[in-house]
Every structure is written in structure tokens, then in C-alpha cells.
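Okay, so here's the structure we're looking at.
Nothing here was measured: the structure is a model prediction, and the numbers come from that model. Residue numbers begin at 1 in each chain, while the letters A, B, ... track the order of the sequences.
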Protein chains: 2
Amino acid sequence: MERVTESELAAWRSFIKAHARIIERIERDLAEQKKVPLTTYDVLIALFEAPDRKLRLGELTKKVVLTKSGLTRLVDRLEREGLLVREKSEEDRRGAYAVLTNLGEVQLRQAWPIYARGIKQYFAAPLSEDAIRQVEESMAVVYKHNNE
Amino acid sequence: MERVTESELAAWRSFIKAHARIIERIERDLAEQKKVPLTTYDVLIALFEAPDRKLRLGELTKKVVLTKSGLTRLVDRLEREGLLVREKSEEDRRGAYAVLTNLGEVQLRQAWPIYARGIKQYFAAPLSEDAIRQVEESMAVVYKHNNE
DNA sequence: CTAAAATAGTTGCAGGTTCAACAAAATTAA
DNA sequence: TTAATTTTGTTGAACCTGCAACTATTTTAG
């Protein structure tokens, strides 16, 4: 593997900085409007998109940026807040599902406009349609490349 | 401000996922090789690049993804580990500089090859030169757009 | 069938981060 | 000059996360 080029390093640095800024801003907006933070959003949306709005915890771990113990704790909190419930698995008695509740869905819907505005404003707005397509393409390639 | 398009949302999702994966992997590599983690690296490189290899804590906060209290704690740790020292400011007696030590520079140099390999392998490798240039361009635009 | 190995999820513990309140010093305004 | 305001950095408390060890269950090998 060769050395990192100047151009690659420049791309990396802007990538990192842009990411940090955007996340920071979206997170701040969500907090100001008393909406669920991004990690929670990720869990809720994953459940929302899943069949029966439920997912094994193991599946959930793959969809969010958390270790399994981290997920256990997050699910604990969300269950306490009533956004989801744990449901013991029939087939595999070691396991459990997280199931989205109505309240969870409400909070998901309420957070979305804020989140969406952030994506638009902080991420998409300054880019042309073409640039957006290129970013999507490149990031998808990179993601796949790193997906075992 | 209009609605987020499908294309923008797709770009956003790959962007987020790619970022998470890459950071995860680089961080793991650094830990396995007993090198300093990324946040520490960011502080050390900022100092290394600064005149006299020192920076006011306030300046440092701007260069890393940390609040000022977070930075205070990180600087505490790095000082304990001998990677930098605090130096009281003469001009402004409220403030302090963080000054890179030799050990700090050594650790910085030792971490770089691992970090660089990660950037190359997890980020740059699957992208063409052209794609890299486009990513750099887009991310720079986005960053500037969010830089007040 | 049984013993060993793998898998799902939880827990104690420690580390790292933020928020809000604070102290000290510098700046501004009256 | 003095009092109010702002700025710099630190601190206590709470929160969030990961690691490693653990329990319970399922799967695999012999």
C-alpha cells in the first residue's frame, strides 16, 4: 500500500471537519427543540422500518454506531422513556426484540423535520445536484469497501 | 428551505455510515498498536503545526471536536502522560498554553503511519483520483458553509 | 446423547464527555 | 477610577460508552 497523497489527505481532512460540524449543528438543533438525539433517532427509525416494527437487539447493533453493551444501555433508557419495549423472543430464549411503541413513533415523527432541515441546510444546501450524486456514489463505495 | 430529496438523503446516509466505519477501523488499529487515539492525535498535530509548538487552550478547542471543559480534561490527561505541558500565559494571566513536549512529538510520529495507512486503506483506496478531488471539493464547500 | 463451543444479551467498572456554575483576570462603560 | 460585563479556563455532577467477565441458551462435534 502506497503513501497517502496530498490530495487524499486534503479530502480526508475536509471530510472529517465537515462531518463534525454538521453533526454538531444537527444535534444542537434537536436538543434546542427538545427532540430525541441522533443515536436515539437511529434506533427508532431502524425499528420503524423493520417488519412489525421490531428488531432483535443483535440486528439493531448493526444499524447503529454502538457496541452491544452500549445498545443494552440505550435500549434500557428508551424503554424507561417508553419509546420502545423489550419483548422476549419465542424462538430463541436467549434473545429479545426491541419493539417500537406509539410514543416512540410520535417522537420519531417529531424529530424528523428538525433532522431533515439540518441535513438540507448544513449538508445538502451548498452542493449542486451533481455534487450530491458524486458524494453519494463515493461514500457508498467507501462504505461497501469497509463492510467486511 | 425546501424538502430533502431522495438523492440528498441517500448521500447523507452513505456519508454518515462511511464516516462511522472508517473512524471505527482507524481507532481500532491505533488501539491495537498501542498508539494515541484520534482525539489525542488531533491535539498533538495542532500543537505540532503551531508556531513554537504551542497554542492557547481556546485556540485548541477550535481545532478539535471537544467543548472547553472536555479539552481541559484531555489536556489534564495528556499532561499527566507527558505529551504536553501547560504554560501560563504572560500576556493574559487567565489563560494558558499547551506546549508539545518531545515525548508528545515522538508519539505523534509513531501514530502517523498507522493513521495514514487507515486513511489510505479505508477511505482513499476505493476512490479514483477524480472522486477524491470531488470529495475534497464538496466537503470543503460544506465545511466553509458551516463555519459561521 | 453429552460435552464443548458459540451466541445473545446484561452487568460492574472505569474512562471520557458535556452542562452548568464558578473563580480569576481582562475589557468596557459611565 | 470603579463597577459591570466579558472572556479564559477549571470543577463537580451526571451521563454515555466500551471492555471484559458473566449468565443463559443454542449449536456443534464426537
Side-chain angles (χ1 to χ4, degrees), chain A residues 20-21 23-34 36-44 46-47 54-81 83-99, chain B residues 20-21 23-32 34-44 46-47 54-81 83-99:
Chain A
R21 273 298 158 80
I23 295 293
E24 203 170 57
R25 295 199 155 202
I26 294 179
E27 209 69 91
R28 179 172 47 63
D29 290 352
L30 288 169
E32 276 173 5
Q33 310 266 334
K34 313 267 191 215
V36 296
L38 283 180
T39 337
T40 297
Y41 187 90
D42 286 346
V43 167
L44 299 184
L47 295 179
K54 67 185 188 179
L55 232 35
R56 288 292 294 267
L57 298 191
E59 294 303 309
L60 215 37
T61 316
K62 292 177 201 155
K63 312 229 175 206
V64 299
V65 188
L66 272 182
T67 60
K68 54 184 181 161
S69 80
L71 184 74
T72 294
R73 264 67 184 258
L74 178 53
V75 168
D76 286 349
R77 266 177 283 146
L78 299 185
E79 193 169 24
R80 235 177 288 130
E81 293 168 21
L83 309 189
L84 55 77
V85 289
R86 273 192 181 82
E87 185 181 284
K88 294 209 165 147
S89 166
E90 300 295 336
E91 324 85 63
D92 183 341
R93 292 186 328 200
R94 291 167 300 185
Y97 289 92
V99 190
Chain B
R21 273 299 157 80
I23 294 294
E24 203 170 56
R25 296 199 155 203
I26 294 179
E27 210 69 93
R28 179 173 47 65
D29 291 351
L30 287 169
E32 276 173 5
K34 313 270 192 211
K35 305 306 181 203
V36 296
L38 283 179
T39 337
T40 297
Y41 187 89
D42 286 346
V43 166
L44 299 184
L47 295 180
K54 68 185 187 179
L55 232 36
R56 287 291 295 268
L57 297 191
E59 293 303 309
L60 214 37
T61 315
K62 292 177 201 155
K63 312 229 176 206
V64 300
V65 188
L66 271 182
T67 61
K68 55 185 181 160
S69 78
L71 184 73
T72 293
R73 264 66 186 258
L74 178 53
V75 168
D76 286 349
R77 268 176 282 144
L78 299 185
E79 192 170 25
R80 235 178 287 130
E81 294 169 22
L83 309 190
L84 55 76
V85 290
R86 272 194 181 79
E87 185 181 284
K88 294 209 164 145
S89 167
E90 300 296 335
E91 324 87 63
D92 183 341
R93 292 187 329 197
R94 290 169 302 185
Y97 289 92
V99 189

Open item on the list: If you define the side chain from C-beta out and look only at heavy atoms, does anything of Val43(B) sit under 4.5 Å from Leu60(B)?
Closed with: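 Yes, close enough: below the 4.5 Å cut-off.
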
If the condition is salt bridge (Lys or Arg N to Asp or Glu O under 4.0 Å), which residues does [X] pass it with, not counting sequence neighbours?
| X | result |
| --- | --- |
| Lys54(B) | Glu87(B) |
| Glu24(A) | Arg21(A) |
| Glu32(B) | Arg28(B) |

Task: Closest to side chain of Arg93(B), choosing from dT25(D), dA26(C), dT10(D) - done: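 Selected nucleotide (nearest to the side chain): dA26(C).
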
Write down the distance between [atom1] ([X]) and [atom2] ([N]), rounded to a whole number of angstrom.
| X | N | atom1 | atom2 | result |
| --- | --- | --- | --- | --- |
| Arg80(B) | dT10(D) | CZ | P | 13 Å |
| Lys68(A) | dC22(D) | NZ | C1' | 10 Å |
| Leu71(B) | dT11(D) | CG | P | 13 Å |
| Ile23(B) | dG18(D) | CD1 | P | 14 Å |
| Leu78(A) | dC15(D) | CG | P | 15 Å |
| Leu38(B) | dT17(C) | CG | P | 12 Å |
| Lys34(A) | dC19(C) | NZ | P | 13 Å |
| Arg28(B) | dC19(D) | CZ | C1' | 15 Å |

- [ ] Can you sort out the partners of Tyr97(A) under side-chain hydrogen bond (donor to acceptor under 3.5 Å, both in side chains), two or more places apart, ordered by chain and number?
- [x]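 Applying side-chain hydrogen bond (donor to acceptor under 3.5 Å, both in side chains) to Tyr97(A) gives Glu91(A).
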
Open item on the list: Using the side-chain hydrogen bond (donor to acceptor under 3.5 Å, both in side chains) criterion, which residues pair with Glu59(B)? Sequence neighbours excluded.
Closed with: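 Scan of Glu59(B) (side-chain hydrogen bond (donor to acceptor under 3.5 Å, both in side chains), adjacent residues dropped) gives Lys62(B).
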
- [ ] Please check if the side chain of Glu27(A) supplies one atom and the backbone of Pro37(A) the other of a donor-acceptor pair under 3.5 Å.
- [x]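 Side chain of Glu27(A) to backbone of Pro37(A): no pair is present.
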
Open item on the list: Heavy atoms within less than 4.0 Å of DNA chain D: which residues of residues 56-63 of chain B have one? Give them sorted by number.
Closed with: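 Result for residues 56-63 of chain B: Arg56(B), Leu57(B), Gly58(B), sorted by number.
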
I'd like a table of donor-acceptor pairs (distance under 3.5 Å, sequence neighbours excluded) in which one partner is a side-chain atom from residues 71-79 of chain A, with atom names and distances.
residue: Thr72(A); atom: OG1; partner: Lys68(A); partner atom: O; Å: 3.1
residue: Asp76(A); atom: OD1; partner: Arg86(A); partner atom: NH1; Å: 3.1
residue: Asp76(A); atom: OD1; partner: Arg86(A); partner atom: NH2; Å: 2.8
residue: Glu79(A); atom: OE1; partner: Arg86(A); partner atom: NH1; Å: 2.8
residue: Glu79(A); atom: OE2; partner: Arg86(A); partner atom: N; Å: 2.9

Residue pair [X] / [Y]: nearest heavy atoms and the distance that separates them:
| X | Y | value |
| --- | --- | --- |
| Leu66(B) | Thr61(B) | O-CG2, 3.3 Å |
| Ala46(A) | Leu55(A) | O-CD2, 3.8 Å |
| Ser89(A) | Arg56(A) | OG-NH1, 3.6 Å |

All N/O contacts under 3.5 Å from nucleotides 1-7 of chain D to the protein, with atom names and distances to one decimal?
residue: dT7(D); atom: O2; partner: Arg94(B); partner atom: NH1; Å: 2.5

Open item on the list: Assess the residue pair Val65(B) and Ile23(A) against the criterion (side chain to side chain contact (heavy atoms under 4.5 Å, CB included)); give the C-alpha distance rounded to whole Å, side-chain angles, the decisive distance to 0.1 Å, and a yes or no.
Closed with: CA-CA 11 Å; Val65(B) 188; Ile23(A) 295 293; over 6 Å; no

Open item on the list: What's Leu66(A) touching, base or sugar-phosphate or nothing? Going by heavy atoms closer than 4.0 Å.
Closed with: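 The answer is sugar-phosphate, as Leu66(A) gets under 4.0 Å only of primed atoms, P, OP1 or OP2.
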
Task: Sugar-phosphate only, base, or nothing, as touched by Gly95(A) at under 4.0 Å among non-hydrogen atoms - done: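 Touches sugar-phosphate only.
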
- [ ] Specify the residues of residues 83-92 of chain A, ordered by number, for which at least one heavy atom lies under 4.0 angstrom from an atom of DNA chain C.
- [x]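 Heavy-atom cutoff 4.0 Å gives Arg86(A).
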
Open item on the list: How bent is the helix from dC1(C)-dG30(D) to dA30(C)-dT1(D), measuring the angle between the end axes built from five pairs each, rounded to 10°?
Closed with: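 So the angle between the two local helix axes works out to 30°.
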
Task: Side-chain N or O of Ser69(B) closer than 4.0 Å to phosphate OP1/OP2 of dC19(C) - done: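 No, no such contact exists.
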
Write down the protein N/O and nucleotide N/O pairs, taken from nucleotides 13-15 of chain C, whose separation is under 3.5 Å; answer none if there are no such pairs.
none

- [ ] Only one of Asp42(B), Leu84(B), Leu83(B) passes side chain to side chain contact (heavy atoms under 4.5 Å, CB included) with Leu47(B); say which it is.
- [x]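 Going through the options one by one, the only one that passes is Leu84(B).
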
